[in-house]
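Labels below follow one simple rule: chain letters A, B, ... track the order of the sequence lines, proteins then strands, and each chain is numbered from 1.
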Amino acid sequence: MKTTSGQKIRTGVFAMAGLAVLVLAIFFIGNKKGLFSDTFHVHGLFKDVNGLQVGNNARFAGINVGVVENIAIVNDTTVKVVLSLNENVRKFIKKDAKIAIGSDGLMGDKLVIISPGGATTSEEVKNGDQLVGVNPFDVDKMIKKITGIADDAGTLISGLSQIVDKVNHGKGSIGRLLNNDKMARDIEGTMSQAKSTIANVHATTTTLNTDLKAAQDNFLLKGFFNKKKKKAMKAKQDSIKKLQKDSAARAQQSPAKQ
Amino acid sequence: MADEVLKGWRGWFAESGEQLSFFKVFFRNLFRSGFEWSEFVRQCYEIGYKSFTLVGTTAFIMGLVLALQLRPTLIGFGAESMLPKSLAVSIVKEIGPVITAIICAGKIASGIGAELGSMKVTEQIDAMEVSGANPVQYLVVTRILATTAMVPLLTLLGDVLGLLGGFVAINVNGNVSLFLYFNKCISSLGFSDLLPAFIKTIFFGFVIGFIGCYKGYNSNKGTESVGLAANSAVVAASLWIFVIDAIVVQVSNIIIY
Amino acid sequence: MRHTESEKTVKKNVRSAGRGEEVIYVRGLKKSFGKKDVLKNINFEVNKGENVVVLGKSGSGKSVIIQCLVGMISPDEGELRVFGEEVSALTEKQLKKLRIRIGFLFQSGALYDSMTVRENMQFPLIRILKMNDQNEIDKRVEEVLKSVGLLDSIDKMPSDLSGGMRKRAGLARTLVVNPELMLYDEPTTGLDPITSREISNLVLEIQKKYKTTSIIITHDMECAAITADRVLVLNDGEFIAEGSFEEVKSSKDEFVSSFFK
C-alpha cells in the first residue's frame, strides 16, 4: 500500500510535535539549571554543608540565580562549595557578599543563600572569587546553647525570687525602707530640719558680705588697694608708648621701598 | 518430572537462541542498502499517528485520575502545593513511559504479530523470500525501526497530555493558572528525570517492534498460529517492558548518584 | 492428444542437444521431518522448455521437492542442481541470484494483501530487478496482466479478487520478472473445474509465450492432462512411474492407475 501525501503530512506533523516536546522539555529544564545562559563561578568554604547536594539551588534575594556545581572536601574541617550563577546577577553581588546554607521550607531541599554585601566595598564579584561562607545554623548547637541559657535563667530567677521574698518580708535596708512607716516619718523629720539649717546658712552668708565691704573702706587696708590701682595704670601707659614707636618705624620703611 | 523441567528449560533456551539469531538477522539487514523508506513512513503512520488518539486519551485520563487520587493524601500532609511536582515526576518518570508502552504492546505488538503471522500462513513471506526480495528488510526492519522511533514520541506527547489532565483535575477543585502549573512542573524536573525516562522508551519501542515481528515472522503455518502469534507477542512484550523498566531504574540510579 | 506429439518432438530435440540443456538435475534427494521420511530417494531431471507434472497424494511431499529446489528447505542428502549449480552449496547472494531466475507460484497465490494488484506487480520489479523508470514498470505490469487476463482488476486489493483471479494475479507476479524456470505448487487447488481448466490452459500458454521450463505439482488429472509433457508419479518418497501422460495413464501399476479412476 502506498502512503498518500496526507498520511505523510500527518506522520510528519506527529513526529515534529513529539520532537518539539522533547526539545522544549530539554530547553526549559536546561534553562532552569542555567545550562544555556552565561554563568560564572564563585566558591565558599564551610565547616559543614548540612546535606547540601550538587544541583541544589542558589538564591539571591529569594530568587533562584544558580546551582551548586561542586562540593569537595578540602581538608578535615573545610568543605569547598562551588556555585554556578547566572551572569546577569553578577552586578548585584559584591565582593564582600556572604553565602550561607539554608533550607527550603521545613523538610525541603537545602539551598545556598547569597546575601548581597556592599557594606565595605562596591566592587562586583569576579569569576572564581571566594565569598565568605557563613557556617550553617546547626540545630544541635543551637539547642545546646538554648539549654544553657535556660539553665542560667533558672538560677537567675531563683535568686531573684529569694530577693523579692526578702524584700516582701521587710528584711534588709530596701525591705525596711519599703515596709517600715516609722523610718519614713523619721526621714521626713530629718528633711524639715535640714531645710531650716540651710535657711540659717543663707542668712549668715549675707551678713558676711556686708562685713567684707566695710573692711575695704577701712583705712588700714586702703594703702594696699591704692598700690594695686597705680600698677595697673602704669602698665597701660607702657603699652601705648610701644604702639607709637612701632608705627613710626613702619612709616620710615615704607617710603624707602617706594 | 525432572525430565519435564529440563525440557521446559531447554525450550526456553532454544527460544532465546532463536530470538538472538532473529536479532542478528535484523541487525544485518539494518545496514544493508536499499532501506524501504516509503514502507517505513507508512509504518510510522500506522504505528505512531494511528495510536496517538488511544495513547493520548489514556494518558490524559491517567493524569486526571492521578491528580484526583493524590490530592486528598497531599492535603492530609498540608502539602497541596506539592501536587504539580508529584504529578510531573510520576508521569514523566514512570507512568507516562510504562502506560504508553503497555498500550502500544497491546495495540502495536499484537498488530504486527497478527499481520506478519497471517502473511506467514498465507505464504506471502515465503513468496517474498523465494522471489529473491528481502522480507526481513521490507517487513521487519521497517516495523522495528518505526516502533523504536514512534513509541518515544508517543510517550512524550502522552506525558504532555497526562500533565494537562492533572491540570484539569487541579482546576476542578482549586484555581491554578496554566503558567504557574507549567512552571511548577518544569521546576520539579531535572535531566536526571527526563533522560532516563526518554531512553527507556526507545528500548520499549524496540522491544515492542522486535517481539511483534519475531512472533509473527516465526509463527507456524496454521490459522490458529496467527492468534497465538498476536497473543504471545503482547504477553512477551509487556513482560519485557517491565523487565527493562526495572533494569533502567537500577542503571540510571547507578549513573546519576 | 495434440500435445503428446509436440512433447515427443521436444523431448527428442532436448535429448539430442545433450546434457548441457538440463535445467534441473536431482539425484538421491532425501528429506525427513522428525521421524517421518518424506522423500527417500528422488531422482529426476528436467530439460529446457519442458513441462513436467509431478503427481502424488496430498501430503506425499510433492511440494517439498520444489521447495528444496529454491533453497527454502535444505535436503538431508542428495545432489540437487539447478541451472548447473549445486543449491546447498550456494551463498546467500548466489541463492538470491538463482531465485530471481526461478518463478514460484504458491498454492494460495500469496498476494501481498496490503497492496493493490498493481503494487503487487511492481514490488518484485522495483526490489528484484531494481527498475527505476516508472513508464517501463507500468508497461511491463500491464503487459503481464493482459496476458493473464487481469488488466481490469489492476487497482483492486487482493481481498476483492476471486480465487481464480488471485491465482492469475499470483501467476502474473511471478512472471513479471521473466523467470526461466516456473515452479507451480498445485495451481488448480480450490478452484471450480471451469476455472481450473482456464488456469491449466494459461500455464500452457505462458510456457509457450515466455519459453519457460516448468514443474507443476498437482493431483488434478485434468490439469496434468492439459499441461504435461512428461509425468512423474510420487509415492512413498519415490517416483514410481515416469512417462508421457498417456503412458502413465495406461500403466499397470495399481497405485498409478488409481489416480485415473
Side-chain angles (χ1 to χ4, degrees), chain A residues 1-37 39 51-60 62-71 84 86 103-112, chain B residues 36-53 55-56 77-79 81-82 85 88 92 96 100 142 146 149-164 182-195 197-199 201-202 205 256-257:
Chain A
M1 196 197 283
K2 280 231 173 93
T3 27
T4 63
S5 61
Q7 287 176 344
K8 277 182 194 167
I9 290 167
R10 269 177 272 177
T11 313
V13 168
F14 171 78
M16 283 301 128
L19 287 176
V21 169
L22 181 66
V23 169
L24 285 178
I26 287 176
F27 176 75
F28 280 119
I29 292 174
N31 213 9
K32 189 193 71 180
K33 300 275 176 214
L35 270 189
F36 303 118
S37 55
T39 57
L52 186 77
Q53 284 180 329
V54 172
N56 279 147
N57 287 322
R59 272 190 195 163
F60 177 73
I63 301 163
N64 289 338
V65 294
V67 291
V68 175
E69 193 171 273
N70 190 23
I71 298 174
S84 153
N86 291 349
S103 56
D104 195 0
L106 201 57
M107 297 190 299
D109 279 345
K110 293 289 170 206
L111 47 79
V112 174
Chain B
E36 302 278 354
W37 271 108
S38 79
E39 175 69 6
F40 173 72
V41 172
R42 188 175 81 89
Q43 288 303 327
C44 284
Y45 175 74
E46 297 283 336
I47 288 165
Y49 184 80
K50 284 197 168 174
S51 307
F52 177 62
T53 326
V55 168
F77 283 119
S81 64
M82 294 283 279
K85 181 173 178 158
V92 169
T100 309
T142 52
M150 288 297 121
V151 170
L153 296 182
L154 280 170
T155 308
L156 285 167
L157 292 171
D159 286 350
V160 171
L161 282 168
L163 289 176
L164 268 176
F182 170 78
N183 229 345
K184 279 196 157 191
C185 286
I186 283 288
S187 69
S188 56
L189 293 172
F191 282 129
S192 57
D193 301 317
L194 184 71
L195 291 186
F198 180 71
I199 290 166
T201 57
I202 296 174
I256 293 165
Y257 302 111

Checklist outcome for this item: Here the gap from B:Lys50 atom NZ to A:Gln7 atom CD, rounded to the nearest 0.5 Å, amounts to 6.5 Å

Next on the checklist: Would you compute the distance between atom CD1 of B:Ile47 and atom OG1 of A:Thr11 and round it to the nearest 0.5 angstrom?
Outcome noted: 10.5 Å

Checklist entry - What distance do A:Leu19 atom CG and B:Leu156 atom CG have between them, rounded to the nearest 0.5 Å? => result 8.0 Å

Next on the checklist: At a 4.5 Å cut-off on heavy atoms, which part of B:Ile186 comes close to chain A: side chain, backbone, both, or neither?
Outcome noted: both

Item to check | ring pair (Phe, Tyr, Trp, His ring centres under 6.0 Å) partners of B:Tyr49, counting only residues at least two apart | outcome: B:Tyr45

Item to check | Closest contact, heavy atoms only, B:Leu194 versus A:Ala25 | outcome: CD2-CB, 3.8 Å

Item to check | Residues A:Phe28, B:Leu189; criterion side chain to side chain contact (heavy atoms under 4.5 Å, CB included); working and verdict | outcome: CA-CA 10 Å; A:Phe28 280 119; B:Leu189 293 172; over 6 Å; no

Checklist entry - Say you draw a straight line from CG of A:Leu22 to CG of B:Leu153; how long is it, rounded to the nearest 0.5 Å? => result 8.0 Å

Next on the checklist: Between A:Ala15 and chain B, with a heavy-atom cut-off of 4.5 Å, which part of the residue counts as in contact: side chain, backbone, both or neither?
Outcome noted: both

Item to check | Set of ring pair (Phe, Tyr, Trp, His ring centres under 6.0 Å) partners for B:Phe198, sequence neighbours left out | outcome: none

Checklist entry - Does any heavy atom of chain A fall under 4.5 Å from the side chain of B:Phe40, the backbone, both, or neither of them? => result neither

Checklist outcome for this item: Note: B:Leu154 and A:Phe14 closest approach over all heavy atoms is CD2-CZ, 3.4 Å

